[in-house]
Amino acid sequence: MTEIKFCFSQDESAKQFMALPGSEAWGALQPGMGRFDAASPLARVHRYSGSDNPEPAFALTAAAEPAHTLCTVAPQADSTPSQTVYAVHDGSGRFIGRITHGRSPLGIRQAWRIEDAARQCSAVAYKGNIRGWVAYWAGSPFWVIMALVYLLNGDLHPSRSLWSKPHRARWRMRAGSGPRKAALDFQNGRYRADAGVPDVNLIYAQAVLYGA
């Protein structure tokens with residue numbers, strides 16, 4: 001398996017590029033697991049003007065010159081309040097797949113599904129693993145105490161990690177009748193992906209949607 005390691009950054013340094021017409025610089029995908037290097041991103045992210053954070057529409061472009069569009073991502077009109085479906089097209093406008101954001105079968109966790117255009121293979125992930133959610137709810141009675149400690153120390157803006165819900169996600173893929181394998185794994189702000197299947201641009205699009 002050919003593996004890609006990368007992260008999605010929305011730091012100001014990741015937005016220092018000329019956005020496409022009608023778009024704004026929204027961040028970049030950076031190879032490796034280290035700090036963002038503006039000179040060598042995997043892709044730049046351009047959010048279309050008028051789209052919002054809950055349901056963004058955006059384009060990914062290559063960083064190498066001359067820059068070209070890798071894919072475009074936009075929510076479909078048939079999305080519902082409980083489920084948003086994003087259509088993904090490559091740089092030539094060819095439909096390559098869809099990404100669906102909804103809920104798990106029990107409705108407890110957020111669910112993300114990546115599907116190729118022919119729906120021959122798909123990868124599904126649920127936000128947060130069971131261990132993370134158990135720890136999250138077990139620790140919830142102590143949040144008030146921790147918040148008071150922050151306030152008594154003069155910190156009116158506690159770290160987001162104090163309230164952060166579990167974010168670990170692993171997209172397990174099944175192609176045909178074969179066994180499931182991890183197509184994409186997210187942990188501690190970093191991604192590990194199988195570059196083979198599905199289309200790597202679908203992987204990049206999912207990473208931006210999940211990390212935005």
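Counting begins at 1 with the first residue of the sequence.
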When you check the side-chain N and O atoms of Asp90 and Ser92, is any donor under 3.5 Å from an acceptor?
yes

With sequence neighbours left out, the residues meeting side-chain hydrogen bond (donor to acceptor under 3.5 Å, both in side chains) with Thr84 are Glu55

Between the CG atom in Leu70 and the NE2 atom in His68, the distance rounded to the nearest 0.5 Å is 5.0 Å

The side-chain contact (heavy atoms from CB on, under 4.5 Å) partners of Val208 (sequence neighbours excluded) come to Phe8, Trp26, Leu29, Val45, Phe58, Leu60

Near-ring test Phe186/Trp112, centroid separation under 6.0 angstrom
no

Sequence neighbours excluded, the answer for side-chain contact (heavy atoms from CB on, under 4.5 Å) partners of Ser82 is Thr80

For Ala87, the side-chain contact (heavy atoms from CB on, under 4.5 Å) test, sequence neighbours excluded, returns Gln76, His89, Phe95

- Query: Do the side chains of Arg103 and Arg109 get nearer than 4.5 Å, heavy atoms only?
  - Reply: no

Quick one: do His101 and Tyr210 satisfy ring pair (Phe, Tyr, Trp, His ring centres under 6.0 Å)? Show the steps, please. CA-CA 9 Å; His101 182 205; Tyr210 192 73; 8.4 Å; no

Sorted by chain and residue number, the side-chain contact (heavy atoms from CB on, under 4.5 Å) partners of Arg170 (sequence neighbours excluded) come out as Arg168, Arg172, Ala182, Asp185

CG of Asn188 to SG of Cys7, rounded to nearest 0.5 Å, is 12.0 Å

Those residues at least two apart in sequence (or on a different chain) that pass ring-ring contact (aromatic ring centres under 6.0 Å, His included) with Tyr86 are none

Between the SG atom in Cys121 and the CG atom in Asp199, the distance rounded to the nearest 0.5 Å is 9.5 Å

